[in-house]
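This report refers to the structure that appears directly beneath it.
Because the structure is predicted, anything quoted here is derived from the model rather than measured.
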Amino acid sequence: MSPLTRTPLTIEHALLGFLLDGAMHGYDIHRQIMNPQGLGQVWQVKQSQLYALLNRLEESGFVTTALETQDARPPRKMFSLTETGRQTFLQWISSPVAHGRDMRLDFLVKLFFARQISPNAAEDLIELQRETCQRWQLEREDNSSGSFEWLISEFRRGQIDAMLAWLDQCQHFILHCDSEDT
């Protein structure tokens, strides 16, 4: 079973995203993941874990490798996306997260890469996520006031309301701040 057909890890998709614009070696990918101005704020990844994941992605056909010679040093392994890897990444990035608990990691990583693709890709992702959150609000059960179930329901409602407000901020940022950078 390939890594992206079992329980997919956000980091595996992120590795594909770093390769979207071209071949890279593992050290450069690790530096980008750890960048404190980007995904370094979301998670920390050991280099050994990164290389193990890259090797799994290669074994599964999502990336290919080639050796690049260096003058006085050993050759380094360059990783490139396969068409399957590219399509898997683009499908992943264009779909909202299915659970509120996935907003903190999965959605943030998707938004990071969607912004790099284009403001439109980021706006589309935000809109799809907003629709998903609104659906969660509609599916939420109304429990009688005063019960423990009601407290849980109110907690979930508050979380979804906060997510929707944050998505509004994301959209404002994409429309106004990102457009100023270009």
Item checked: Value rounded to 0.5 Å, distance of SG in Cys170 from CE in Met163 -> 12.5 Å

Checklist line | Heavy-atom side-chain proximity of Leu167 to Met103 below 4.5 angstrom | finding: yes

Check: Minimum heavy-atom separation for Ile126 to Gln171, with atom names?
Finding: CD1-N, 3.8 Å

Checklist line | Check against side chain to side chain contact (heavy atoms under 4.5 Å, CB included), Gln134 and Leu138 | finding: CA-CA 6 Å; Gln134 290 168 339; Leu138 295 174; 5.8 Å; no

Notebook entry, point to check: If you measure from the Lys or Arg side-chain nitrogens to the Asp or Glu carboxylate oxygens, is any gap between Glu12 and Arg56 under 4.0 Å?
Noted result: yes

Notebook entry, point to check: Between the side chain of His176 and the main-chain N/O of His172, is any donor-acceptor distance below 3.5 Å?
Noted result: yes

Margin query: Applying side chain to side chain contact (heavy atoms under 4.5 Å, CB included) to Arg156 and Glu154, what does each step give before you reach the verdict?
Written below: CA-CA 5 Å; Arg156 289 182 180 149; Glu154 287 301 297; over 6 Å; no

Notebook entry, point to check: Below 4.0 angstrom, N of the basic side chain to O of the carboxylate: do Arg130 and Glu123 qualify?
Noted result: no

Notebook entry, point to check: Do the non-hydrogen side-chain atoms of Leu39 and Gln32 ever get within less than 4.5 Å of each other?
Noted result: no

Notebook entry, point to check: Quick one: are Phe107 and Leu125 in side-chain contact, heavy atoms under 4.5 Å?
Noted result: yes

Note to self: Closer than 3.5 angstrom, by distance alone: can the side chain of Ser95 be matched with the main-chain N or O of Trp92 as a donor-acceptor pair?
What the structure shows: yes

Item checked: Any side-chain heavy-atom pair of Ile152 and Phe155 under 4.5 Å -> no

Notebook entry, point to check: Around atom CG of Asn120, are there more than 12 heavy atoms of other residues, nucleotides or ligands at under 6.0 Å?
Noted result: yes

Check: So, for Phe89 and Phe62, is the gap between ring centers shorter than 6.0 Å?
Finding: no

Check: Atom CG in Leu50, atom CG in Leu54: separation rounded to 0.5 Å?
Finding: 4.5 Å

Next item on the list: Could you pull out the closest heavy-atom pair between Pro119 and Ile174, with the gap in Å?
Entry: O-CG2, 3.8 Å

Checklist line | Side-chain (His30) to main-chain (Val45) donor-acceptor, under 3.5 angstrom | finding: yes

Note to self: Are the side chains of Glu131 and Gln129 in contact, using a 4.5 Å heavy-atom criterion?
What the structure shows: no

Margin query: Please tell me whether Met34 and Met24 are part of a single hydrophobic cluster in this structure, the criterion being side-chain heavy atoms less than 4.5 Å apart.
Written below: yes

Item checked: Minimum heavy-atom distance Cys133-Ile160, with the two atoms named -> O-CG2, 3.5 Å

Margin query: Quick check against the 3.5 Å criterion: does Tyr51 have a side-chain atom that pairs as donor or acceptor with the backbone of Lys46?
Written below: no

Notebook entry, point to check: Could you walk me through whether Ile29 and Leu19 pass the side chain to side chain contact (heavy atoms under 4.5 Å, CB included) check?
Noted result: CA-CA 8 Å; Ile29 297 171; Leu19 297 171; 3.8 Å; yes

Notebook entry, point to check: Judged by modelled atom types alone, do His25 and Asp28 share a side-chain donor-acceptor pair under 3.5 Å?
Noted result: yes

Check: So, does Ser94 use its side chain to make a donor-acceptor pair with the main chain of Leu90 at under 3.5 Å?
Finding: yes

Notebook entry, point to check: With side chains defined as the heavy atoms from C-beta onward, is the minimum distance between Ile33 and Trp43 less than 4.5 Å?
Noted result: yes

Margin query: Please tell me whether Glu83 and Gln87 have a donor and an acceptor in their side chains that are separated by less than 3.5 angstrom.
Written below: yes

Notebook entry, point to check: Is Phe113 close to Leu20 at the side-chain level, that is, under 4.5 Å between some pair of heavy atoms?
Noted result: no

Checklist line | Under 3.5 Å donor-acceptor, Thr82 side chain and Gly61 backbone | finding: yes

Check: Going from CG on Leu164 to CD on Gln159, what distance comes out if it is rounded to the nearest 0.5 angstrom?
Finding: 12.0 Å

Check: What is the minimum heavy-atom distance between Gly85 and Leu16, and which atoms define it?
Finding: O-CD1, 3.8 Å

Check: Considering all heavy atoms of both residues, which atom of Ala121 and which atom of Ala114 are nearest to each other, and what is their separation?
Finding: CB-O, 3.7 Å

Note to self: I'd like to check Thr64 versus Glu58 (side-chain heavy atoms, cut-off strictly below 4.5 Å). Are they in contact?
What the structure shows: no

Note to self: Counting only heavy atoms not in Gln91 (residues, nucleotides, ligands), do more than 12 fall under 6.0 Å from its CD?
What the structure shows: no

Next item on the list: Measure the spacing between CG of Leu57 and NE2 of His13 and express it to the nearest 0.5 Å.
Entry: 9.0 Å

Checklist line | Donor on one side chain, acceptor on other, Gln137 and Asp161, under 3.5 Å | finding: yes

Margin query: To the closest 0.5 Å, what do you measure between CZ (Arg31) and CG (Asn35)?
Written below: 9.5 Å

Margin query: Between Phe173 and Trp166, is the ring centroid distance below 6.0 Å?
Written below: no

Notebook entry, point to check: Which atom pair, heavy atoms only, marks the closest approach of Ala98 to Asp102?
Noted result: N-OD2, 4.5 Å

Item checked: Spacing of Leu105 atom CG and Thr10 atom OG1 [to the nearest 0.5 Å] -> 4.5 Å

Note to self: Let me check something: do Ile11 and Tyr27 share a hydrophobic cluster, defined by ILVMFWY side-chain heavy atoms less than 4.5 Å apart, either directly or through other members?
What the structure shows: yes

Next item on the list: Examine distances only and state if a side-chain atom of Gln41 and a backbone atom of Pro36 form a donor-acceptor pair shorter than 3.5 Å.
Entry: yes

